[in-house]
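Presented below is the structure to which this report refers.
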Amino acid sequence: ATLLLGNGGSGILVSSCSLSNRIGSALGPNYIGDNNYGIFVEYTTGTIVRANYVGNNGTTAIPNRGSGIYLSTGCGLTRIGTILGIDGNVVSGNKGNGVFAEDAGPTILNNFIGVTRTGIPLSNNLHGIEGYDLDSALIAGNVVSANGQHGLNLISPRSCTLQGNFIGTDPAGAAAMGNSRAGIYV
């Protein structure tokens with residue numbers, strides 16, 4: 001059994017004009033659970049979050065109380081996942097959203113949001129991805145399924161690109177794993 005010994009704040013907080021931070025890798029992922037937010041990023045440029053388990057240990061939920069990953073204002077050029085599928089995060093099992101992003105458009109690539117890497121449902125209680133006032137975001141190649149609300153909930157987006165995502169299916173696109181509400185709500 002996993003002993004929950006989380007933090008009162010965020011598991012990882014990146015703030016105050018820090019540049020080009022790397023959080024996790026396929027060779028050394030972070031397991032981030034039982035915190036207020038799993039990863040909270042604000043006022044920073046070029047942060048890359050990859051190959052982490054946020055709200056789970058790969059098979060079992062270790063929920064963060066809020067969103068798994070929260071991108072606040074001032075997060076230019078932030079990437080959640082990379083073009084390599086092995087670098088995708090598993091952002092599942094959180095009590096809030098899987099990913100919440102606002103302001104400048106992030107790149108969210110090749111992540112598993114609401115499911116494990118093998119396609120086992122591990123819901124986030126709210127939306128898989130929620131974006132507020134996003135500008136030029138790229139959301140591509142993600143599996144966004146089995147979440148408690150919408151798969152993607154985009155509020156006032158501008159020039160955002162959604163492509164190649166598996167929304168409401170398993171990672172192969174072969175079996176239904178619907179989100180509780182709409183797949184994409186704009």
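All residue numbers refer to positions in the sequence shown, counting from 1.
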* Just by distance, do the side chain of S10 and the backbone of I12 share a donor-acceptor pair under 3.5 Å? -> no
* Structure fact -> Smallest heavy-atom separation, E42 atom then L13 atom, equals OE2-CD1, 4.4 Å
* Does a sphere of radius 6.0 Å around CD1 in I83 hold more than 12 heavy atoms from other residues, nucleotides or ligands, not counting ones at 6.0 Å or beyond? -> no
* Does V91 offer a backbone N or O that forms a donor-acceptor pair with the side chain of N124 under 3.5 Å? -> yes
* Side chain N56, main chain S92, donor-acceptor under 3.5 Å -> yes
* Determine, step by step, whether M177 and V115 satisfy the side-chain contact (heavy atoms from CB on, under 4.5 Å) criterion, reporting the C-alpha distance in whole Å, the side-chain angles of both residues, the deciding distance to 0.1 Å, and the verdict. => CA-CA 9 Å; M177 288 186 156; V115 298; 3.8 Å; yes
* Indicate the atoms forming the closest heavy-atom contact of L19 with T44, along with that distance. => N-OG1, 4.1 Å
* **Atom pair CD1/CD1 of I80 and I48 - distance to nearest 0.5 Å** => 10.0 Å
* Asked: Hey, any chance V143 and V99 share a hydrophobic cluster, counting ILVMFWY side chains that come within less than 4.5 Å of each other, even indirectly?
  -> no
* To do: Sort out for me which residue in R50, R79, R117 forms a salt bridge (charged side-chain N to carboxylate O under 4.0 Å, His left out) with D87.
  => R50
* Asked: How long is the span from the OH atom in Y53 to the CG atom in L122, to the nearest 0.5 Å?
  -> 12.0 Å
* Please say which of D133, L134, T73 ends up in a side-chain contact (heavy atoms from CB on, under 4.5 Å) with D103. => T73
* To do: Answer yes or no: is there a donor N or O on one side and an acceptor on the other, between the side chain of S67 and the main chain of F100, under 3.5 Å?
  => no
* **Main-chain N/O of L152 paired with H127 side-chain donor or acceptor, under 3.5 Å** => no
* Asked: Do side-chain atoms of D170 reach the backbone of A172 as a donor and acceptor pair under 3.5 angstrom?
  -> yes
* Asked: Do the side chain of N165 and the main chain of G141 share a donor and acceptor less than 3.5 angstrom apart?
  -> yes
* Asked: Picking from N179, N153, N97, what satisfies side chain to side chain donor-acceptor pair (under 3.5 Å) with N147?
  -> N179
* **Heavy atoms of other groups near I86 CD1, more than 12 under 6.0 Å** => no
* Asked: Can you tell me if N142 uses its side chain to pair, donor with acceptor, with the backbone of N111 under 3.5 Å?
  -> yes
* Asked: Would D34 and R65 count as a side-chain contact (heavy atoms from CB on, under 4.5 Å) if you check the C-alpha gap in whole Å, the side-chain angles of each, and the deciding distance to 0.1 Å?
  -> CA-CA 7 Å; D34 194 34; R65 293 176 287 286; 3.5 Å; yes
* Show your working on side-chain contact (heavy atoms from CB on, under 4.5 Å) between E102 and S72 and close with a plain yes or no. => CA-CA 6 Å; E102 60 183 329; S72 189; 3.3 Å; yes
* R181 atom CZ, over 12 foreign heavy atoms within 6.0 Å -> no
* Side-chain (D135) to main-chain (S159) donor-acceptor, under 3.5 angstrom -> no
* Looking only at non-hydrogen atoms, find the nearest pair between G93 and P63 and report the distance. => O-CB, 2.9 Å
* **Non-hydrogen side-chain atoms of N125 and N94 separated by less than 4.5 Å** => no
* What pair of heavy atoms forms the shortest contact from L138 to L109, and how long is it? -> CD2-CD2, 4.2 Å
* Examine distances only and state if a side-chain atom of N35 and a backbone atom of N7 form a donor-acceptor pair shorter than 3.5 Å. => yes
* To do: Determine the minimum heavy-atom distance between V41 and C75, stating which atoms define it.
  => O-SG, 3.1 Å
* Is there a side chain to side chain donor-acceptor pair (under 3.5 Å) between N57 and T59 once you walk through the steps? -> CA-CA 6 Å; N57 65 5; T59 57; 3.3 Å; yes
* Minimal non-hydrogen separation, N64 against I32, with atom names -> ND2-O, 3.2 Å
* Any link between I69 and V14 through a network of hydrophobic side chains (Ile, Leu, Val, Met, Phe, Trp, Tyr) touching at under 4.5 Å? -> yes
